[in-house]
Amino acid sequence: MSIEIYNTKTGQKSPLVTLEEGKIKLYVCGITAYDYCHIGHARSALVFDMIVRYLRYRGYEVTFIRNFTDIDDKIIKRAQEQNTTCEELSNRFITMFHEDMASLGILPPTIEPKATEHLPEIIGLIEDLIRKGLAYQVAADVYFRVTGFNGYGSLSGRNLDEMQAGARVSINEKKEHPMDFALWKGSKPGEPTWESPWGPGRPGWHIECSAMSRKYLGNSFDIHGGGKDLIFPHHENEMAQSEGATGEEFVKYWMHHGFVTIKEEKMSKSLGNFLTIREVIARFAPEALRLFIFSTHYRNPLDYSEAALLDAVAGLNRLYTCLAEIEQLPATGNDQAASAIPKTDREKIETIAERFRKAMDNDFNSAQALGHLFEGVKIINKIRQHLPGKPASLDLQLLKQGAETTRDMANTLGLLTENPTLYLQKEQGKILKTLSLTPEEIENAITERTTARETKNWTLADEIRDQLLAKGIELKDGPAGTAWQVKLP
RNA sequence: GGCGGCGUAGCCAAGUGGUAAGGCAGUGGUCUGCAAAACCAUUAUUCAGCGGUUCAAAUCCGCUCGCCGCCUCCA
């Protein structure tokens, strides 16, 4: 079975057939570096991280390009506000971006090109377009002639007449057609400037991606991705530029992910309703954010809330707890004993990987894939719970294999990458730091309670236990004494 | 106005023609002096509403209602 991918351009899923056998060339639009990244950016990065990881797991050699836009109107404006240069500003936020990506455990792309480092390629592409009659110069600017490219609108499913009827397009008298867009902008005093055949200026927003993808991936490549908000105009314009210049099909599969919303409203800088990645990571484990993001299909909207993150934390704890419990199992069992595991359960465990792959092959349906992992965990837990004192070796082996498969599959999503026991300890440690209690105080209270229990003073014993619980410490009475742990969300 | 998407249990969320995955929360149970944790079991005769196609529909078609996004910078 092959992987099926939903292609924005065709509006349907189709089997992934790569240009070159076993290889995938992927270009993703990265950030415009002028501010901290928010959860929406995290979703974009995580979705494509998952896609890259999964494609590699499925045997593809993936060349992954993710660019930085380090020159544009917003950067110029913000730099002026902060009384700094565009270069300093964009470099600062690129560094922040890298820190955020590292904290989220996102694999670095093969290449991360910047617009400002590709001026020769950009200028060359614009010259190609002018030569082909697809671009024209007006004063210091160069515009793309949308009426000269007859596929214009085919990606976003629009046509030029409809878009003009929208009336939100401002009329610029210099342009031949209201929808024509800038390839090159003559610079105003004080703005970053590069020399060009059309005078000093800077590139328009869309041309950089056409130039850089062409340089690193060629005229034609397999997958181009980004957020849904990039479909129009950004990707529509990129496609027009690239196909106009080369005459070849620019991209085979266009992939666009949905937005992160807050209270059902799109998270965006202009609305001011965003949380930065660092704010969220300060409170929740990076893998919890991952689990949250992957708990819905990448094309659907995803509503951020604290409650939703806490759900994800609980889910992640369930997964890690299962793995930790399986690690505690004895290494050897009874070689003679027959398996005590029902056939249906055995089959469920044995087919975890197969079912996981089937879900992921279906347009990266991580929500369904995770459902299979949770179902597997449920069965593994059930079997483990009912294991006899001297379990059959066969059954121990099945449980261990099931846990290992679960971990391997989760790894292809960047989940369950930590040692289970250490992860759980670390999470508890993080919470303990926020509590007004030291381990010594807890131990002392337990000693006091143990004495009370020995004299069957249940009232006092329960009181001590309740007081600790109110502070977030759970006690576990066992044969070997009383252990404590921090209450996880 | 144009284009696109969504509406599944208390909440989140899979499921694109064959009789409702999974997670969180809740409830019952195992364990325990009682608990907690963990685990198990259980929770939608029904998929926004109304029609239609079909032996069969959450899934296809039509209409209605509600929500969201893009058309301007945006992941």
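First the proteins, then the strands, lettered A, B, ... as listed; each starts at 1.
- Aromatic ring centres of A/F250 and A/H235: separated by at least 6.0 Å.
- With B/C73, B/C34, B/A41 as the choices, the nucleotide that has an atom nearest any side-chain atom of A/R453 turns out to be B/C34.
- With B/C73, B/A37, B/C40 as the choices, the nucleotide that has an atom nearest any side-chain atom of A/R318 turns out to be B/C40.
- Closest to the side chain of A/K476, from the set B/A37, B/C73, B/A21, is B/A37.
- Looking at heavy-atom distances under 4.0 Å, A/K266 makes contact with a base.
- Between A/F68 and A/F97, the ring center distance clears the sub-6.0 Å criterion.
- Spacing between B/C6 and B/U42 at atom C1', rounded to whole Å, works out to 31 Å.
- Among B/A37, B/G33, B/U30, the nucleotide with an atom closest to any side-chain atom of A/R465 is B/G33.
- The phosphate of B/G22 (OP1 or OP2) has a side-chain N or O of A/K378 nearer than 4.0 angstrom.
- With distances taken from any side-chain atom of A/A367 to the nucleotides B/A13, B/G22, B/G33, the minimum falls on B/A13.
- Residue-level contact check: A/H234 touches neither bases nor backbone, having no heavy atom under 4.0 Å from any strand.
- For B/C47 and B/A20, the C1' atoms lie 8 Å apart once the distance is rounded to whole Å.
- In this structure, A/V28 reaches neither bases nor backbone, as no heavy-atom distance under 4.0 Å exists between it and the strands shown.
- For A/N365, the listed nucleotide lying nearest its side chain is B/G15; candidates were B/G33, B/C24, B/G15.
- Pair assignment for B/C3: B/G69, on the basis of Watson-Crick or G-U wobble contacts that are both within less than 3.5 Å.
- Checking B/A38, B/G33, B/G22 against every side-chain atom of A/E325, the shortest atom distance belongs to B/A38.
- The pairing partner recorded for B/G62 is B/C50, the criterion being a Watson-Crick or G-U wobble arrangement whose two distances lie under 3.5 angstrom.
- In this structure, the ring of A/F181 has its center no less than 6.0 angstrom from the ring center of A/Y143.
- Using a 4.0 Å heavy-atom cutoff across all strands shown, A/F292 reaches no nucleic acid atom at all.
- As the counterpart of B/A38, B/U30 is assigned, both hydrogen-bonding distances of the Watson-Crick or G-U wobble pattern falling under 3.5 Å.
- Of the nucleotides present, none pairs with B/G17 by Watson-Crick or G-U wobble criteria with both distances under 3.5 Å.
- Taking 4.0 angstrom as the limit, A/R299 places none of its side-chain polar atoms (N or O) nearer than this to OP1 or OP2 of B/C6.
- Here A/W458 packs flat against the base of B/G33; its ring centre is closer than 5.5 angstrom to the base's six-membered ring, tilted by less than 30 degrees.
- When each of B/C67, B/C70, B/C34 is scored by its nearest atom to the side-chain atoms of A/D477, the top-ranked nucleotide is B/C34.
- If you check B/A75, B/U30, B/A37 against the side chain of A/E474, the one that comes closest is B/A37.
- Here A/H38 lies in heavy-atom contact (under 4.0 Å) with a base.
- Nearest nucleotide to the A/F232 side chain, out of B/C34, B/C70, B/A37: B/C70.
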